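What follows is a set of notes on a single structure, which appears directly below.
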Amino acid sequence: MSILVTGGAGFIGANFVLDWLAQSDEPVVTLDKLTYAGNLENLASLQGDARHSFVQGDIGDRALLDRLLAEHRPRAVLHFAAESHVDRSIHGPEDFIQTNVLGSFRLLEAVRAFWSVLPEAEKTAFRFLHVSTDEVYGSLSPSDPAFAETNRYEPNSPYSASKAASDHLVRAWHHTYGLPVLTTNCSNNYGPYHFPEKLIPLMIVNALAGKPLPVYGDGMQIRDWLYVRDHCSAIRRVLQAGRLGETYNVGGWNEKPNIDIVNTVCALLDELRPRADGQSYRTQITYVKDRPGHDRRYAIDARKLEAELGWKPAETFETGIRKTVAWYLDNAAWVARVQSGAYRDWVATQYGATP
Ligand code: NAD
Ligand code: TYD
């Protein structure tokens, strides 16, 4: 038995693959296009591990998908691959439609073709787990209750609209074709291997580099933060015991305004790596022009996942953010290679030609 993970060289996918193989010997096939966000170095510790194989390719490549599915016969597909950065989606939405909508459609079709001719027992056991976001639900006012699975879809950015579209496709492939799907909608993740264009890693690396810490608008937008490895444990739990066709919201009841997040990162850096001049990293905070259409507040109601499947996060925000800041301090070489672009040479350096 094995599982196929799409997008496994990205932030959450890499954490998922590493955690999976730390807990189980069930092999993993990672399919990743290695866009700017894909960093095979994230999986470097698996080099030479017979339980892991990596394939560079696009989820939109039907011939490749057919070949991979026939060759590896996975018992589950975990679909992480996506264009994931809201700011990039505002500047160039096309890639988001290509990968998140069309790519997910191609993947669903390939998986359906593979699944529909499986022997009955394998067919019954098979799962397609779609990893999605809370951003599909739109924005909350300060007094609104947190997003439940029954909330209306009201995506506001090209990113969230493309993810919403993929969620709808997944739902339809279950209702129309009986494909055994599960969907998770998670809040903002943070932790190791997070690409430093997103809020938390950007603040850490800019602070250390003596650069401004750009806070959009008034910094009072609220996100609900979850440590990435807790997201991974939720996905494993949903894969194991989730009800077919259901969606599960994943979150840790950790709503915080952005400015609080930035202040916390600064305070941890002041403690762990004080500035040479004795000043706080807070002095680097700079308020900048707001993101167009910026959602004001996200919050996840994760009671369904807890009540049905008994999942709870292991980290509090305080423990998770301390681990995260420490990881970035301990992994300066990873950061440097991401910043210089050298991480993109990793495939050629490690594998010669295309693996
Ligand atoms: P990421 O951008 O770090 O990684 C995405 C990965 O997908 C990269 O390795 C990239 O190379 C790969 N990829 C992109 N297009 C591809 C294609 N066409 N074919 C194959 N591979 C492709 O993203 P992430 O933060 O790890 O997010 C993973 C998933 O989780 C996404 O579906 C995202 O919508 C969802 N999600 C993210 C968050 C978050 O806070 N980061 C929260 C909830 C849900
Ligand atoms: P981000 O990490 O891009 O995640 P998302 O937009 O998917 O929630 O941003 C998190 C929040 O931080 C969001 O409200 C935008 C804000 N933000 C800043 O204030 N400054 C920044 O430089 C970035 C990247 C984000």
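Start at 1 and go down the list; that is how both ligands and their atoms are numbered. Count residues from 1 along the sequence. What you are looking at is a predicted structure, and each value in this text was computed from that prediction instead of being measured.
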So for ligand 1, is [X] a polar contact partner (N or O within less than 3.5 Å, distance only)?
X: K163; answer: yes
X: T99; answer: yes
X: T133; answer: no
X: C186; answer: no
X: F80; answer: yes
X: H79; answer: no
X: T35; answer: yes
X: N189; answer: yes
X: I59; answer: yes

Does any N or O in the side chain of [X] come within less than 3.5 Å of the main-chain N or O of [Y], such that one atom is a donor and the other an acceptor?
X: S160; Y: P158; result: no
X: N206; Y: P212; result: yes
X: K163; Y: V101; result: no
X: E255; Y: R223; result: no

If only side-chain N and O atoms count, and only distance matters, is there a donor-acceptor pair under 3.5 Å linking [Y] with [X]?
X: D134; Y: N188; answer: no
X: E135; Y: Y298; answer: yes
X: N156; Y: D295; answer: yes
X: D301; Y: W253; answer: no
X: K123; Y: S116; answer: no
X: N100; Y: E83; answer: no

Structural part of I200 in contact with ligand 2, heavy atom criterion under 4.0 angstrom: neither

Region of V86 engaging ligand 2 - heavy atom pairs below 4.0 Å: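 The part of V86 near ligand 2 is the side chain, not the backbone.
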
Between the candidates [options], which shows the shortest non-hydrogen contact distance to [atom]?
atom: atom 2 (O) of ligand 2; options: I259, T286, L199; answer: L199
atom: atom 37 (C) of ligand 1; options: I12, V131, V228; answer: I12
atom: atom 24 (C) of ligand 2; options: R297, M220, E197; answer: E197

Heavy-atom closest pair, residues Y248 and R243: OH-N, 2.9 Å

Closest approach of A234 to V250 (non-hydrogen atoms, all atoms of both residues): CB-CG1, 3.6 Å

Would [X] count as a polar contact of ligand 2, with the cut-off being nitrogen or oxygen pairs under 3.5 Å?
X: Y216; value: yes
X: K198; value: no
X: Q221; value: no
X: E135; value: yes
X: P214; value: yes
X: Y298; value: no
X: R291; value: yes

Contact partition for S132 relative to ligand 1, non-hydrogen atoms under 4.0 Å: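 The answer is the backbone of S132.
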
Counting from 1, what ligand 1 atoms have a heavy atom of [X] closer than 4.0 Å?
X: Y159; value: 33 (C), 34 (O)
X: L34; value: 11 (O)
X: S187; value: 42 (C), 43 (C)
X: G57; value: 19 (N), 20 (C)
X: N188; value: 40 (O)
X: D58; value: 17 (C), 18 (N), 19 (N)
X: S84; value: 1 (P), 2 (O), 23 (O)

Atom pair OG1 (T6) and NE2 (H79), whose distance is rounded to the nearest 0.5 Å: 5.0 Å

Residues, nucleotides or ligands: over 12 heavy atoms within 6.0 Å of R51 CZ: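 Counting other residues, nucleotides and ligands, CZ of R51 exceeds 12 neighbours.
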
More than 12 heavy atoms from other groups under 6.0 Å of CZ on R171: no

Out of all atoms in ligand 2, which are within 4.0 Å of some heavy atom of [X]? Include the element for each.
X: H85; answer: 3 (O)
X: L202; answer: 22 (O)
X: V215; answer: 19 (O)

Carboxylate-amine/guanidinium contact E41 R337, below 4.0 Å: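 Looking at R337 together with E41, the answer is yes, because their closest N to O distance falls below 4.0 Å.
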
Near-ring test W327/Y193, centroid separation under 6.0 angstrom: yes

Step-by-step ring-ring contact (aromatic ring centres under 6.0 Å, His included) determination, F16 to H231: CA-CA 9 Å; F16 180 84; H231 186 191; 8.9 Å; no

Heavy-atom gap A9 to ligand 1 smaller than 4.0 Å: yes

Passing candidate, ring pair (Phe, Tyr, Trp, His ring centres under 6.0 Å) with F195, options F11, Y328, Y190, Y36: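 It is Y36, the one option of F11, Y328, Y190, Y36 that forms the ring pair (Phe, Tyr, Trp, His ring centres under 6.0 Å) with F195.
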
